[in-house]
Every structure is written in structure tokens, then in C-alpha cells.
2 protein chains.
Amino acid sequence: MGRWTTMVLYGLVLAAVVATLKYVEYRFMVKSLSTEVYIGVVAALFTGVGLWLGSKLITAKKVVQVAPAAVVDHQAIRSSGLSARELEVLQLMAEGLSNQEIANKLFISLPTVKSHSSSLFTKLEVKRRTEAVHRAKSLRIIA
Amino acid sequence: MGRWTTMVLYGLVLAAVVATLKYVEYRFMVKSLSTEVYIGVVAALFTGVGLWLGSKLITAKKVVQVAPAAVVDHQAIRSSGLSARELEVLQLMAEGLSNQEIANKLFISLPTVKSHSSSLFTKLEVKRRTEAVHRAKSLRIIA
DNA sequence: AAGTGCCTCATACTTTAGTAGGGATCTTCG
DNA sequence: CGAAGATCCCTACTAAAGTATGAGGCACTT
């Protein structure tokens with residue numbers, strides 16, 4: 001349900017309640033209904049309306065707030081000691097690319113990619129690319 | 001803030017508002033304030049209270065609902081066509097283990113691991129283990 | 001009973017990954 | 001300036017990974 005639709009409904013409910021109260025008052029001439037009772041009823045009613053409104057308007061915000069939790073920890077990246085290029089190579093590794101494909105994508109030679117890989121492995125203290133990817137993800141260095 | 005604390009606060013706010021209205025009425029003898037205006041003010045106030053209440057009572061539920069989102073999609077696993085053993089090998093691959101380490105951990109030979117790997121790659125339509133891991137994660141076959 | 005899929009293992013081979021050990025610019029910083 | 005780090009590239013080698021092919025045993029289904 002859209003925000004505007006909800007707002008319009010809110011207005012309609014308010015109008016309806018006021019009309020109903022006036023109608024009841026007119027029908028039964030119950031002037032004895034004290035203001036306190038009126039207030040109590042209306043307060044309770046609109047607390048409910050507020051709750052309902054809240055569930056419609058607030059929920060969406062909370063959900064999108066929680067879902068995209070920070071995927072990477074920039075502090076972790078800095079303290080990892082990885083250079084910009086090494087990080088790029090690592091990210092492409094994580095996407096399953098071979099060294100040759102990484103070389104093509106970055107317009108550098110295969111030996112260069114291997115060079116970056118090796119130094120990257122040393123810095124992450126691993127021996128294989130799959131291990132590097134796993135470790136980097138647990139450290140939130142990559143998504 | 002606890003649920004009970006919130007409820008008590010709600011009661012106190014209600015009491016305070018009623019008291020304030022009566023006080024204002026008493027102080028200024030403004031009998032001219034129509035019931036409609038009263039109702040309007042109270043309705044608006046308690047809609048606000050309801051909204052606030054909602055943010056306190058509902059948010060927690062929503063959060064725990066979203067956070068532990070299903071990490072693996074069992075339906076995706078079934079429709080992937082992977083056998084139990086292939087899935088095991090895949091999971092260990094994702095943890096960065098070498099074929100030899102996987103063989104040791106599962107008490108099978110290296111050729112057997114390679115055999116599982118190859119058929120697993122075919123089923124996932126990939127060529128490398130890193131690619132397999134990446135694809136399996138995007139399909140929610142593994143965590 | 002024959003067929004199918006799974007798990008296991010093997011050998012032989014090709015390809016990719018990773019290591020070792022260099023060297024060449026270029027920028028930045030003390 | 002000189003040192004350090006980053007980037008780029010190379011050769012040569014070893015170690016894994018991956019492919020191809022075949023085969024035996026087991027369980028389940030038709």
C-alpha cells in the first residue's frame with residue numbers, strides 16, 4: 001500500500017469516528033457522556049490507528065535499514081595491507097575468474113597477475129586463491 | 001526498553017494528557033472549546049503515541065525476522081542436481097581447501113575428489129572451482 | 001534381471017596456478 | 001636526493017587443478 005493511500009485512509013477514519021460519535025450523541029441525546037469518557041475512547045481508538053499506521057509506514061524503513069548491512073569493512077581493508085591493484089585482483093578472483101581472464105580485464109600480462117596474486121596471498125597468509133577469497137570474505141575485505 | 005516499561009509509560013502519558021486538558025479547561029473556563037476540537041486534538045496526539053508505541057513494539061520483531069534470512073535455499077540445492085557427495089566437496093572447496101585436503105577430510109582418494117569436482121563443475125556449468133563457489137553462493141546452494 | 005545413478009578408484013594427459021628470482025619505471029616522502 | 005612502495009614485466013620451474021576414459025561395487029527402480 002502506498003504512503004498516500006495510507007494517509008487518505010487515516011483522514012477518512014478520523015472523519016468517520018467523529019461523525020459516528022456525533023451521530024450517537026444525536027440519536028440518544030446522551031449528553032451525560034462525560035468528556036473524559038469521550039477522550040478515553042478516542043485516545044484508545046487512535047492509539048490503535050497509530051499502531052496500524054506505524055506498521056505500514058515504519059516497517060519498510062526498518063527492513064531496508066537492516067538488510068544492506070555494511071558488506072565491506074574499509075578499516076579491515078586498510079589494515080590488511082593490500083594495495084589497490086591487489087584488491088582488484090582479489091575481487092575478480094572472488095568472481096571466479098582465471099588469472100588469464102583477470103589479465104585481460106585489467107589490461108595487464110599474466111605474469112603480472114601472478115605477481116599480484118603471490119604478494120596478495122602472502123599478505124592474507126594463505127596458499128591458494130580459494131582460501132584467499134574465503135579469508136577475505138570473513139574479514140569483510142570483499143563482498 | 002522493555003515491553004512493560006513501555007506500557008506503563010503509555011498509561012502515564014494518557015493520564016497526563018487528560019489531566020492537562022481538564023486543567024486547561026479549569027484554568028481558562030474555556031467552555032467554548034467544542035467537542036470536535038477536543039476529539040481532533042486527542043486523536044492527533046494519540047496517533048502520535050501509537051506511532052511511537054509501534055516503533056518500540058514492532059521494530060524488534062521485524063529485525064529478528066530479517067536478520068537470520070535463510071542462508072541456503074534447499075529447493076535450489078535439489079534443482080541443482082548435485083549429489084550429496086558433490087555438495088560436500090563443494091562446501092569444502094568454498095572453505096578454501098585443496099583437493100588433497102578434501103580427500104583427507106572425507107577419507108577418499110585424490111582422484112575421487114577430482115572426479116566429484118569435474119561432475120560438479122558440469123552440473124553448475126562452470127570451469128573452475130572459484131567459479132563454482134561463486135555460482136553456488138549466488139544460487140544459495142552453499143552459505 | 002537389466003538399467004540407472006552414485007561412489008569409489010585408477011592412469012595418462014593438458015592446463016592453470018603458484019613460487020622463485022630477478023628487473024624496469026614511477027611516485028611519494030623524509 | 002635516496003629509499004620505499006607500487007606497478008609492471010620477464011623466465012623457469014614446481015605443484016595443483018582439471019579432463020578423458022575406464023572400471024568395479026552398491027542400491028534402487030522398472
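On a predicted model such as this, the values are computed, not experimentally measured, just so you know. The chains referred to below are lettered A, B, ... by the order of the sequence lines, with proteins before strands, and numbering in each begins at 1.
- Between A:Ser138 and A:His134 the shortest side-chain heavy-atom distance does not fall below 4.5 Å.
- Counting only residues at least two apart or in different chains, salt bridge (Lys or Arg N to Asp or Glu O under 4.0 Å) contacts with residues 72-91 of chain B comprise B:Arg85-B:Glu88, B:Glu86-B:Lys123.
- Taking 4.0 Å as the cutoff to heavy atoms of chain B, we find the contact window on DNA chain D bounded by D:dA17 to D:dT19.
- To the nearest 0.5 Å, atoms CD (B:Gln75) and OG (B:Ser80) are separated by 10.0 Å.
- Applying a 4.0 Å cut-off to non-hydrogen atoms, the residues of residues 79-116 of chain A that approach DNA chain C are A:Ser98, A:Asn99, A:Lys114, listed by residue number.
- Shown for residues 125-143 of chain B: residues whose heavy atoms fall under 4.0 angstrom of DNA chain C, namely B:Arg128.
- Annotation for B:Leu120: hydrophobic cluster partners, listed by chain and number, are B:Ile77, B:Leu82, B:Leu87, B:Val89, B:Leu90, B:Leu92, B:Met93, B:Leu97, B:Ile102, B:Leu106, B:Ile108, B:Val113, B:Phe121, B:Leu124, B:Val126, B:Val133, B:Leu139, B:Ile141, B:Ile142 (ILVMFWY side-chain heavy atoms under 4.5 Å, direct or chained).
- B:Arg129 is not listed as a side-chain neighbour of A:Arg129, based on a closest heavy-atom distance of 4.5 Å or more.
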request  = Could you check B:Thr112 against B:Ser109 for side-chain hydrogen bond (donor to acceptor under 3.5 Å, both in side chains), going step by step and ending with a plain yes or no?
outcome  = CA-CA 5 Å; B:Thr112 303; B:Ser109 74; 2.9 Å; yes
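- Closest heavy-atom contact between B:Ala103 and B:Leu110: CB-N, 4.0 Å.
- Summary of helix geometry: the two end axes of the helix from C:dA1-D:dT30 to C:dG30-D:dC1, each defined by five base pairs via their C1' atoms, are inclined to each other by 40° (rounded to 10°).
- For the pair A:Phe121 CZ and C:dT19 C1', the computed distance is 11 Å after rounding to whole Å.
- Here the CD-CZ distance, from A:Glu125 to A:Arg135, works out to 6.0 Å after rounding to the nearest 0.5 Å.
- Of the charged side-chain nitrogens involved, at least one lies within less than 4.0 Å of a carboxylate oxygen, so that A:Glu101 and B:Arg128 count as a salt-bridged pair.
- Between the side chain of B:Ser115 and the main chain of B:Pro111, no donor-acceptor pair closer than 3.5 Å is present.
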